[in-house]
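Single-structure report; data block below.
Lettering follows sequence order; numbering is per chain, from 1.
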2 protein chains.
Amino acid sequence: MNWELIYSHAVQWVKEAGENIRLSFDKTLNIQTKSNRNDLVTNIDKETEQFFIDKIRAVYPEHKIMGEEGLGDQLENLDGIVWLIDPIDGTMNFVHQQRNFAISLGVYENGVGKIGLVYDVVHDELYHAIKGHGAFLNDKKIPALHNREVKDSIIALNATWVMENRSIDHHLLIPLARDARGTRSYGSAALELVYIAAGRMDAYISLRLSPWDVAGGAVIVEELGGIVTNLRGEKLDYLSKDSLLVARPGLHQTILHDYLKDGKW
Amino acid sequence: MNWELIYSHAVQWVKEAGENIRLSFDKTLNIQTKSNRNDLVTNIDKETEQFFIDKIRAVYPEHKIMGEEGLGDQLENLDGIVWLIDPIDGTMNFVHQQRNFAISLGVYENGVGKIGLVYDVVHDELYHAIKGHGAFLNDKKIPALHNREVKDSIIALNATWVMENRSIDHHLLIPLARDARGTRSYGSAALELVYIAAGRMDAYISLRLSPWDVAGGAVIVEELGGIVTNLRGEKLDYLSKDSLLVARPGLHQTILHDYLKDGKW
């Protein structure tokens with residue numbers, strides 16, 4: 001498999017999609033409401049996903065595609081080569097802020113991440129990695145991640161996760177938020193993943209994400225030695241929704257063991 | 001008083017200070033720890049405050065200066081003209097991320113905000129206002145703020161505010177975080193204030209801020225019709241630490257009345 005060629009196509013298409021999104025800011029956004037009122041979707045989401053599907057189908061007709069908008073394939077497994085695409089990760093930020101959103105794209109082979117791209121469209125910052133070949137922010141190589149203590153760490157964690165919720169006993173997360181140097185919430189899983197990769201934050205916790213939110217950023221984080229699991233410390237299957245714990249090596253183990261009781265809840 | 005002239009000086013100095021900060025990124029940051037380990041301070045903080053003090057003293061020797069680093073005057077009142085300066089608001093972001101921080105500068109006359117500047121140094125975005133003359137992001141006029149319902153609002157709110165704390169019964173804030181469309185925490189009060197001004201978020205709550213964190217952004221928000229008070233609905237005195245509730249008009253009253261019980265706690 002020529003991963004360099006697939007990668008160069010992916011980079012080209014992501015940049016082209018980003019340019020289209022920047023141009024669209026002048027148009028009125030036609031916003032619909034999906035099942036959850038927090039889950040805004042715009043025409044641009046759908047147009048961008050369709051753009052990727054058309055490009056991939058034309059060059060790689062044998063590849064499969066899983067996208068947030070559901071315009072790709074309905075997959076029951078990750079056999080073969082699968083593109084996992086979130087055309088606009090952080091749609092609420094996109095609609096309200098026209099910033100702090102990203103295009104996320106992962107290419108997986110038999111469930112193993114091979115290529116990861118996260119494109120911060122507004123700031124023209126492309127985070128990218130091919131498994132085994134290093135991770136980059138634009139042209140700059142990102143250094144490997146090392147351990148950091150909780151008290152020196154910034155944790156990405158939404159306020160609603162330390163309130164009573166259906167996914168986890170919030171009393172497990174409160175001590176972590178208290179012990180950390182600080183907590184942040186930027187509102188885009190893909191950007192929060194690459195913020196961990198770039199060393200700007202140290203751990204990221206979310207209670208419910210979809211495979212396309214995580215697939216691209218996970219390749220980049222793992223290439224740098226970061227650890228990506230659910231909140232019980234299990235590998236993600238990239239077929240179903242799951243919780244997420246992403247962190248520097250060492251710090252991931254500390255959070256899992258000292259705060260999340262090794263998943264025994 | 002020639003506010004246009006003071007304003008043009010302030011803009012010039014903020015841009016110059018921002019350029020110096022951008023250049024400093026290549027130098028090693030010499031980080032000290034202040035009383036609180038969350039309150040990082042760098043050489044650049046101090047150098048930037050001293051830069052402003054030198055400039056102001058040279059042109060306006062009769063003006064007073066209150067700055068985060070304490071290199072200005074020790075003030076017991078806001079009589080006359082006072083510059084309130086945070087050379088780097090969001091120091092933790094500055095150190096960890098080299099982004100999501102700002103220079104904040106307010107010029108007050110007898111306690112009334114006349115000029116507000118918040119400069120997002122990395123993205124070269126200057127938010128600015130002279131009282132009564134509109135508010136701008138770089139050269140673009142920012143439209144006035146109007147009411148928005150809580151369920152349609154993004155609230156800037158740190159996770160630690162919905163956990164038990166010394167400043168407020170967190171059970172007052174939990175329903176607000178639950179009812180909002182979303183919550184965010186970007187880690188710079190000055191930037192969170194101008195995000196409200198620019199309509200990117202709708203309300204901002206903090207439990208303990210200093211006058212220089214708020215003084216610049218407050219002029220900009222108020223120029224657009226936004227409301228700036230503490231969490232009991234009282235005006236800030238800009239001499240002491242206080243809590244903060246900033247929001248669109250209407251939304252501010254809703255949050256104060258429906259969630260914060262009109263300050264009766």
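Options A:Asn93, A:Asp202, A:Thr160, A:Asn165 differ in how many heavy-atom pairs under 4.5 Å they form with chain B, and the most are formed by A:Asn93. Ranked by heavy-atom pairs shorter than 4.5 Å toward chain B, the options A:Glu164, A:Met201, A:Arg200, A:His170 are led by A:Arg200. Between chain B and the options A:Leu173, A:Val122, A:Ile154, the largest number of non-hydrogen pairs under 4.5 Å is found for A:Ile154.
Side-chain atoms of B:Asn158 do not come within 3.5 Å of backbone N or O of A:Arg184 as any donor-acceptor pair. No donor-acceptor pair under 3.5 Å is formed between the side chain of A:Tyr186 and the backbone N or O of B:Ser185.
Atom CE of B:Met163 is separated from atom OG1 of A:Thr183 by 8.0 Å, given to the nearest 0.5 angstrom.
A salt bridge links B:Arg99 and A:Glu125; the closest N-O separation between the charged side-chain nitrogens and carboxylate oxygens is under 4.0 Å.
Among all heavy-atom pairs drawn from B:Ala159 and A:Leu157, the shortest one is CB-O, 4.2 Å.
Residue B:Asn100 touches chain A through its side chain alone, counting heavy-atom pairs closer than 4.5 Å. Interface residue B:His123: only side-chain heavy atoms are found under 4.5 Å from chain A.
Within a 6.0 Å sphere centred on CD of B:Glu149, heavy atoms belonging to other residues, nucleotides or ligands number 12 at most.
Contact of the A:Arg181 side chain with the B:His96 side chain is registered, since non-hydrogen atoms from C-beta on lie closer than 4.5 Å.
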